[in-house]
> 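Submitted below is the structure of interest, expressed as structure tokens.
Letters go in sequence order (proteins before strands), and every chain restarts at 1. Only this structure's heavy atoms are used, side chains among them; waters, hydrogens and symmetry mates stay out.
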Amino acid sequence: MTQAFIYDAIRSPRAKGRPDGGLHEVTSLAISARILDALADRNGLSGPVIEDVIWGNATQVAEQGGCLARSAVLASGLDERIPGLSINRFCASGLEAVMLASAQVQGGLGEGYIAGGVEMMSRVAMGSDGAAIAVDPMLAMKRHFVPQGISADLIATLYGITREDADALAVESQRRAAQAIAEGRFARSIVPIRDQNGLVICARDEHPRPETTTETLAALRPSFKDMGEQMPGFDKVALLRYPQLERIEHIHHAGNSSGIVDGAAAVLVGSEGFGSARGLKPRARIRAMARVGTEPTVMLTGPVPATERVLAAAGMQIGDIDHFEVNEAFASVVLRFIQAFDVDPARVNPCGGAIALGHPLGATGAMLIGTALDELERTGKETALVTLCVASGMGAAVVLERV
Amino acid sequence: MAEFTCTTDARGVATITWDVPGKSMNVLSLTGLAELDAHVDACLADPAVKGIVITSGKPDFAGGMDLNVIARMKADAGDDPARGLFEGIMKMHGVLRKIERAGIDPKSLTGGKPIAAALPGTALGIGYELPLACHRIFAAPNPKAKIGLPEIKVGIFPGAGGTTRLSRKLGPLQAAPFLLEGKLLDPKSAVSAQLIDELADDPVAAAAEWVLSNPDIVKPWDRKGWKLPGGAPYTPGGFMTFVGASAMVSGKTAGVYPAAKALLGAVYEGALVPFDTALRIEARAFVSVLMEPSSAAMIRTLFINKEALEKGARRPDVPPSTLTRLGVLGAGMMGAGIAQVAAQAGLDVVLIDATAEAAERGKAGIAKAFDKSVSRGKMTPEKRDAILARITATADYAALAGAELVVEAVFEDPAVKADVTARAEAVLAPDAIFATNTSTLPISDLARASARPERFIGIHFFSPVDKMLLVEIIKGRETGDAAVAMALDFVRRIRKTPIVVEDARFFYANRCIIPYINEGIRMIGEGVAPALIENAARMLGMPVGPLQLVDETSLELGVKIARATRAALGAAYPDDAVDAVIFPMAEAGRLGRKAGAGFYEYTDGKRTGLWEGVSDDWPRAPEQPDVHEVMDRLLYIQVLEALRALEQGVLRDIREGDVAAILGWGFAPWSGGPFSWVDRIGAKAALARCAALAARHGPRFAPPALLAEKAAQSESFYAA
């Protein structure tokens, strides 16, 4: 089988996903094109040298709809003969783009791909594309649909994760992110977003709050308590699926859940020949990939079975992994992962995670690939595992290996 | 004779009058539907007709659908009943839609004849769905009339366009109480809720005037650009409504009522398509519910059989009893409750207690309850005063003179009961009936205190009397027909549902509910998570989990019953495992809500959560059972007791067994009752499951011979 390699990975800064956020004025199209151009420039890509641009996005309506991938190719400097494919695996869309690209390289369909994703959460609201699983009563009732926050609290309740545990993780995420930023660990991969005149619009991650302490977090009200216990009462729905529980402990709030941000990221994936023909040196090899479906009410436990599956595919043990990127969608997701595999917390998200840095849904998977790559190179380690929980009960994981 | 007639006056108003011969209340039959259809056709075609008024020749408009219609549609379609139902329902939609379109040109939305409904009184089910298809609804300001769609309460949903029309008229959120809860309103409230358009003292005249006034008759949903009030599913407003609705329905129904889910599905899918397509979607969903065994069982138990029992299905063939004056002995909670419902039903009531003060206290309690109703606008002060005036509170037994029936609700002590029996009988006419409200003492034993045991009977009310719908009538060994007839006539008078059972320990309802509670308590002893027990009960559709039920009724009662049962049964006593939990709980003062501590914890009388300390005494088993195992234990333990009651002749009629189970103790209403439930899963499957449960959990799950017989002969309890 042909090997798939990663040649480069870049990302935009992550800006607050609000009207006063640093990227709010930038269209989904413009930021996508800007990231594609930056990747092409850094790697000297010109002409129809890319087989496809696979672009992840979790909310494909309005400016993110209509196959944004193709629009982005046409808005960028890429050759018009390069097609585009928009995909949606919710929060793992960016990772899924890399997986699809890698699998096609491995299978011999083309030599080089750009894979990545975008989510301008300040411009296209989460959920505005609709979702039958939430809205169609036949499925929602059959599968005991609850919103993700309820699922995250359900994980905490099922696995004995407390508010204190979650807040401690959040504070540590902020501390690590602040340290990573201060040490310039992201500098190699962040592409400043500029206007048509070349003026910088946003060049740095905006979301971190390094001043966060467990005391400041303790003051925050749980975000999902009212919708769980009062109107419309999602807890009762969850308990129909988990009747061994008396109640859901609502431990998550804005400070220990992932931040809503704008951002985009791209990864250059190719065969060995793709690199040698252009004098590009591969930075890592895709060692194994996996995605899973899981029980949809608890929804966000996917990283555990996805990791088991990807390790089996790689023929590895959990101890063989040097570095973990486990998306901090909610604190309980990461804490459950650490608990399930009994891994050293220091090796999980050492540069902080989405609680500090934010989680631009469709882009995050690609961003985590980049972060893992930068960290392996910085620390001289060999293997990394990137995994994300996914809405509607899914999970995805990839093992990278430096070459 | 026709069910619908039509006359046209000189002004050009055609009045279609619904008046089913020989019935006090109109119900829609297939014949009626065809007649209505023909009249509408004729009126629309007749150039002399300018407008149409649809009304009733009876004091009420209509009570709903003749439930035989559904059976007919099914039967007529032979081995393809779903098709028969679908086509039959689409035909009904066709007639109602014809009324709604009324000859309007679909392109220009002009022309057509105004059609108004004029409701003299109650309009329920199809009796409201037909008016909904009209262009305007007028109703007489009759405070006793009820308007609405109660279908969901018998396990179906409004399937003649009511679901689609009301959700489009009001928006799904506003329509929810009427569609999903079957909320009924009097005409005045129905106007504020926009269920009907206008009140008129003479609704027919008002409707006639309106149809002649050249009104705009195009329904909003037939206009271009119409939007669902509150927002379609995939708009920001609608998104929240629909996501929330599923959660609320799931939470309320615990997923056991297919009708609520199908209804919501029809509203959602219907909201995404044009109106006529939405009707077709509604019909498909409605058929799916009609094809569900649960809806057939619910209709049979909660509608057909309940009504049959109320109308005297078990009444001995003796002349109607005369009942004007009721004596109630004991003015405690039960006695006062009985006095209250009797006085509300128009009876003169003599409420007696040991002292005049105690009797007055009982009456004062009733007055307080009425005051609350008055302050909430649910009762007029005049009505309150009139009802209270019918209650005489006294300690003087002489006041019982002239009472045709006396119900005693004094302390559960045979000596006390014997004393009041003798004192009452001393002043009662020889043909008066004496009834005891005992819940624990054998009727035949108490009857020994009576000089005329053939006129002595048990009338067992449930608490709270004004809310609980079921009354058990218990025959003692010597109880005669006159007493049974009087008891049934009395229960009918106070508008409750009676069953007639034989005299055996705990009669029927309590006999079945006690093992349910005990099964929950046994599981505590086994280390099953209390939440799993309570949630499993809710997932069965039980209104209250066994642990909460103990807390509500007080463990003291449980301990008392356990001691008495132990004394009665001696070595055969089967519930040591239960006592091992309840005796220490009682000793520790964890008696339930009133004690502020039980299987739950309480703060200021409010339940705050399950008592965590329970696992100190009965450690949590490391392996917890599957929820379905817990559900089966809680369900089978009740079903088996009902089967035994029938087998032993305590219960005489499965209809009573099913109706009483749902009304008396809330047995999984979706099932139609324990006997319907066995029919649903089949005696063979039930027998096999009993054997498995008995092997694992003990002989209390051993199936009675009756079940084995049914299984062997592949029989069901009800004729198919």
> Is any NZ, NE, NH1 or NH2 atom of the basic residue among A:D226 and A:R221 found under 4.0 Å from an Asp or Glu carboxylate oxygen of the other?
yes
> State whether B:R284 and B:E269 are salt-bridged, where the test is any N-O pair (Lys NZ or Arg NE/NH1/NH2 against Asp/Glu carboxylate O) under 4.0 Å.
no
> Please identify which of these residues, B:R607, B:K606, B:R590, meets the salt bridge (charged side-chain N to carboxylate O under 4.0 Å, His left out) condition with B:E601.
B:R590
> Which bit of B:V249 is near chain A, if near means a heavy-atom gap under 4.5 Å: side chain, backbone, both or neither?
both
> Report yes or no: do B:E629 and B:H697 form a side-chain donor-acceptor pair below 3.5 Å?
yes
> Determine the option with the most heavy-atom pairs under 4.5 angstrom with chain A, choosing from B:A245, B:A529, B:A254.
B:A254
> Assess the side chains of A:Q64 and A:N57: does a donor N or O sit below 3.5 Å from an acceptor N or O?
yes
> Hey, which of B:K252, B:E534, B:K261 has the most heavy atom pairs under 4.5 Å with chain A?
B:K261
> Please classify the contact of A:M231 with chain B as side chain, backbone, both or neither, using a heavy-atom distance under 4.5 Å.
side chain
> Quick one: which of A:V237, A:L245, A:L240 has the most heavy-atom pairs under 4.5 Å with chain B, could you say?
A:L240
> Is a donor on one side and an acceptor on the other found under 3.5 Å between the side chain of A:E295 and the backbone of A:V298?
yes
> With respect to chain B, which residue among A:P147, A:A131, A:G233 yields the maximal number of heavy-atom pairs within a distance under 4.5 Å?
A:A131
> Tell me, out of A:M141, A:K236, A:Q244, who's got the most heavy-atom pairs with chain B below 4.5 Å.
A:M141
> At a heavy-atom distance under 4.5 Å, which candidate from B:A262, B:G238, B:G609, B:P530 has the highest pair count against chain A?
B:G609
